[in-house]
Amino acid sequence: MTARIFLKLGLVTILPLLITAVAVLLSVTRITIANLESGLETSLSEKARLVETTLEGLPSGEYQGVAHDLAQRAQARVTIIDASGTVLADSEADPLQMENHATRPEFVESLVGETSVSRRLSSTVGMDFLYVAVPMDGGGAVRLALPLEEVNALAKSNRSSIALVILFIVAPLVLATAWVARRISSQISGIVSLSNAIADGDFEINESFPERGNLRELNDLAASLRTTAGKLRTSFHQLQEERSRFVAAVNGIGAGILVADRRCHIVLHNPAIEMMFPDEDLSKQASLNAWKNKNVPAIFNYAIDHGKSCTTELSVDSPTRRSWRVTCAPITSRKGKTQAVAAVFHDITELERVDQMRRDFVINVSHELRTPLASITGYAETLMDGAIHDKENNERFIRILWQNAQRLTQLTSDLMTLSQIEVKAREFEFLEQSVAEILRHAADGIRPVLARKSLQLEVAPVHEDLKIRCDLSAVQQILSNLLDNAAKYTPADGSIRLGATGGRESLNIYVRDTGIGIPKEHVSRVFERFYRVDKARSRELGGTGLGLAIVKHLVQAHGGRVWVDSEPATGSTFWFSLPFEQVPAVLQTVMAERDQLALPFERVSPALEAVMAETDQDPASIQ
């Protein structure tokens with residue numbers, strides 16, 4: 001690049017200088033030749049007059065004898081011509097052999113009494129001559145001739161001298177110009193390289209690049225470009241940081257974000273959208289109109305056509321039931337024209353599930369309270385109407401009132417316990433406890449109940465050194481509820497087994513019975529509030545429908561999980577796990593949510609997966 005710039009600068013600067021030098025040389029040569037010829041003409045004219053003066057008084061027959069002598073003294077060819085044009089004498093040729101000169105231009109002009117000058121080819125000698133003729137007294141003319149070769153040789157000699165002078169003057173100028181052009185081209189080349197680097201996005205410019213030159217203006221330009229590169233670098237880094245923050249925010253947000261242009265071609269989306277619509281084409285520039293779910297492009301087309309925001313709700317049933325609240329807003333240009341549309345998909349599946357749970361809870365609580373309250377009201381009215389004095393029935397009525405009041409008390413207590421756990425109002429004290437002692441204490445508490453029903457209880461042996469960090473009262477309540485549940489649904493002469501097995505990361509405790517079992521379609525719901533497999537039998541046995549729900553929430557408060565294996569008419573095994581290392585509360589929340597409902601827009605990190613992974617012994621392997 002430097003060579004090209006140098007060549008161009010050289011052509012621009014040195015070539016005009018050379019042209020000027022040549023023009024000067026030609027002009028000076030022309031003037032020199034003109035001055036030389038003018039001087040020769042004057043000299044020849046004077047010599048011709050001297051010759052004419054010398055010939056005065058000599059007879060014409062002696063002219064030839066003196067012609068050679070006159071020619072040597074005049075240093076020119078001498079020709080004497082009479083008035084008729086006949087050559088009387090010539091210093092270089094035989095007059096008798098020469099043709100008549102009456103038509104020679106210099107001779108013709110001299111006959112009128114004037115000195116004449118002519119340049120032409122001599123027919124006698126065959127050379128170019130400079131002729132000067134002066135008239136003679138008595139007629140005729142004396143002509144002196146000088147070969148132009150001598151004039152040209154003299155002019156050439158002068159031209160060479162002038163050329164040498166010009167060369168000595170121009171050569172340093174050319175060299176100086178070339179040096180300056182080289183330095184300037186080097187500076188310009190550096191500036192061009194700097195500009196190209198900036199244009200290519202390379203803003204990491206060394207402060208010493210390009211090197212400083214002699215031209216201050218170019219140095220200032222290079223400094224300005226470096227300053228510009230520094231500002232661009234700062235702006236570029238800021239944009240990169242802002243883009244990184246934007247991408248992190250978009251990718252990390254739980255809601256799905258989808259942006260499409262006015263042709264409904266996808267421009268941007270975040271990972272949450274991929275989880276929401278795994279079967280749709282989300283590649284860049286893919287058309288939303290080609291989606292299987294036609295509701296999504298319909299929302300975008302509405303926002304594009306009407307140029308205003310809209311909010312609606314969408315639902316899909318495959319592969320699982322999901323619902324979203326979609327807010328769609330147009331992105332407009334300065335002129336108000338819709339350029340693109342951005343949509344935010346808020347997953348409301350959990351909200352709908354919670355709302356449904358709330359409605360079900362109100363219905364279930366109302367239903368659970370209605371029966372004992374109706375019974376209490378009815379028997380109280382009966383007693384108030386006089387039955388209190390009926391010795392045969394009053395004690396039975398009062399016992400029924402007491403039983404229903406106890407049922408309400410138990411229901412209220414369970415509701416309070418469940419609420420305290422859910423709102424985290426219950427304080428847990430995690431201390432290291434002996435697993436064998438926990439099992440023995442739970443077995444001792446349920447034995448009187450089992451004895452009344454002729455049920456056998458077996459506690460599987462556990463190593464005395466096995467410890468678990470837990471809240472003792474919470475674990476005792478868990479075991480109490482599970483054992484009470486097993487006792488209620490196990491026929492007389494059945495058996496219940498209580499045991500524990502240690503995994504690599506958690507302790508698994510189980511309660512196995514030989515009861516009526518649970519049908520498969522009910523297994524997944526037994527831990528829901530107020531859910532009963534056999535509602536009539538449950539009420540008959542005095543259950544509130546909250547015992548297993550309390551179990552699940554207490555286990556989750558420990559960072560564990562609960563599950564059941566059951567076969568109808570064979571029995572059930574209820575399991576719960578307690579981690580050896582306590583899981584942080586924030587992870588317990590994540591695990592609880594995961595047990596209740598898979599969140600489509602959140603991927604659990606490997607670290608959380610490691611915490612939540614269950615690597616315990618297979619329950620089926622426990623005898």
Side-chain angles (χ1 to χ4, degrees), residues 317-321 349 352-354 356-357 359-361 363-368 371 407 410-411 414 418 446 449-450 453-458 478-499 501 508-556 560-577 592 594-598 614 616-623:
D317 297 319
S318 178
T320 58
R321 172 74 180 181
T349 307
E352 289 184 347
R353 190 185 72 85
V354 171
Q356 184 62 41
M357 289 177 59
R359 290 195 295 267
D360 292 344
F361 177 79
I363 293 172
N364 288 328
V365 169
S366 300
H367 184 74
E368 293 293 332
T371 300
R407 183 178 176 184
Q410 183 63 39
L411 178 62
D414 288 348
L418 195 59
I446 198 65
V449 177
L450 300 180
K453 293 190 64 177
S454 301
L455 297 175
Q456 299 295 322
L457 175 62
E458 179 186 358
I478 294 170
L479 289 173
S480 176
N481 287 7
L482 291 177
L483 289 169
D484 184 67
N485 191 71
K488 289 177 180 177
Y489 294 99
T490 301
D493 299 325
S495 64
I496 298 173
R497 182 182 175 89
L498 175 63
T501 177
N508 294 334
I509 301 176
Y510 63 92
V511 175
R512 177 176 295 164
D513 62 56
T514 58
I516 61 176
I518 304 171
K520 290 184 177 180
E521 62 270 20
H522 297 285
V523 169
S524 62
R525 301 190 62 188
V526 294
F527 295 101
E528 294 180 8
R529 302 179 185 89
F530 299 112
Y531 189 80
R532 295 182 175 91
V533 177
D534 187 342
K535 297 183 179 179
R537 181 181 177 88
S538 177
R539 291 194 181 93
E540 180 183 341
L541 295 173
T544 63
L546 296 174
L548 292 180
I550 292 173
V551 167
K552 184 183 74 171
H553 283 80
L554 286 175
V555 171
Q556 289 177 347
R561 66 186 187 95
V562 62
W563 70 99
V564 60
D565 300 323
S566 182
E567 289 290 338
T570 300
S572 303
T573 303
F574 283 84
W575 294 83
F576 68 94
S577 64
R594 192 182 71 165
D595 281 346
Q596 295 178 15
L597 188 67
E614 290 297 334
D616 303 330
Q617 183 178 351
D618 185 359
S621 66
I622 301 173
Q623 301 299 325

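Values below: every heavy atom of this structure, side chains too, minus hydrogens, waters and symmetry copies.
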Engineer: Could you tell me whether the side chain of D513 and the main chain of S572 form a donor-acceptor pair under 3.5 Å?
Structural biologist: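 Confirmed, D513 side chain pairs with S572 backbone.
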
Engineer: When rounded to the nearest 0.5 angstrom, what distance separates CG in N508 from CZ in R561?
Structural biologist: 8.0 Å

Engineer: Measure the spacing between CD1 of I478 and CD1 of I550 and express it to the nearest 0.5 Å.
Structural biologist: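 These two atoms lie 10.5 Å from each other.
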
Engineer: Look up atom CD in E528 and atom NE2 in H522, then write down how far apart they are to the nearest 0.5 Å.
Structural biologist: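 Those atoms lie 11.5 Å apart.
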
Engineer: Once you round to the nearest 0.5 Å, how far does CD1 of I518 lie from CD of E567?
Structural biologist: 11.0 Å

Engineer: Looking at Q456, is its backbone amide N or carbonyl O close enough to the side chain of S495 to form a donor-acceptor pair, meaning the two atoms are under 3.5 Å apart?
Structural biologist: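 Pair absent, no side-chain N/O of S495 close to backbone of Q456.
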
Engineer: Looking only at non-hydrogen atoms, find the nearest pair between R321 and T349 and report the distance.
Structural biologist: O-CG2, 3.7 Å

Engineer: Indicate the ring-plane relationship of W563 and W575, choosing parallel, tilted or perpendicular according to the 30° and 60° boundaries.
Structural biologist: parallel

Engineer: Between A487 and V449, which heavy-atom pair has the shortest distance, and what is it?
Structural biologist: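 Of all heavy-atom pairs spanning A487 and V449, the closest is CB-CG1, 4.5 Å.
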
Engineer: Do T514 and T490 have side chains that approach each other closer than 4.5 Å (heavy atoms only, starting at C-beta)?
Structural biologist: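 Answer yes - side chains close enough.
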
Engineer: Please round to the nearest 0.5 Å and tell me the distance separating atom CD1 of I509 and atom CG of L479.
Structural biologist: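 If we round to the nearest 0.5 Å, I509:CD1 and L479:CG are 5.5 Å apart.
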
Engineer: Picking from F527, F576, Y510, what satisfies side chain to side chain contact (heavy atoms under 4.5 Å, CB included) with V564?
Structural biologist: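 The residue from F527, F576, Y510 that satisfies side chain to side chain contact (heavy atoms under 4.5 Å, CB included) with V564 turns out to be F527.
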
Engineer: Can you list the residues that meet the salt bridge (charged side-chain N to carboxylate O under 4.0 Å, His left out) rule with D493, with sequence neighbours excluded?
Structural biologist: none

Engineer: Under 4.5 Å between any side-chain heavy atoms of L548 and F574, yes or no?
Structural biologist: yes

Engineer: Distance check, rounded to the nearest 0.5 Å: N481 atom CG versus I446 atom CD1?
Structural biologist: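 With rounding to 0.5 Å, CG (N481) is 9.5 Å from CD1 (I446).
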
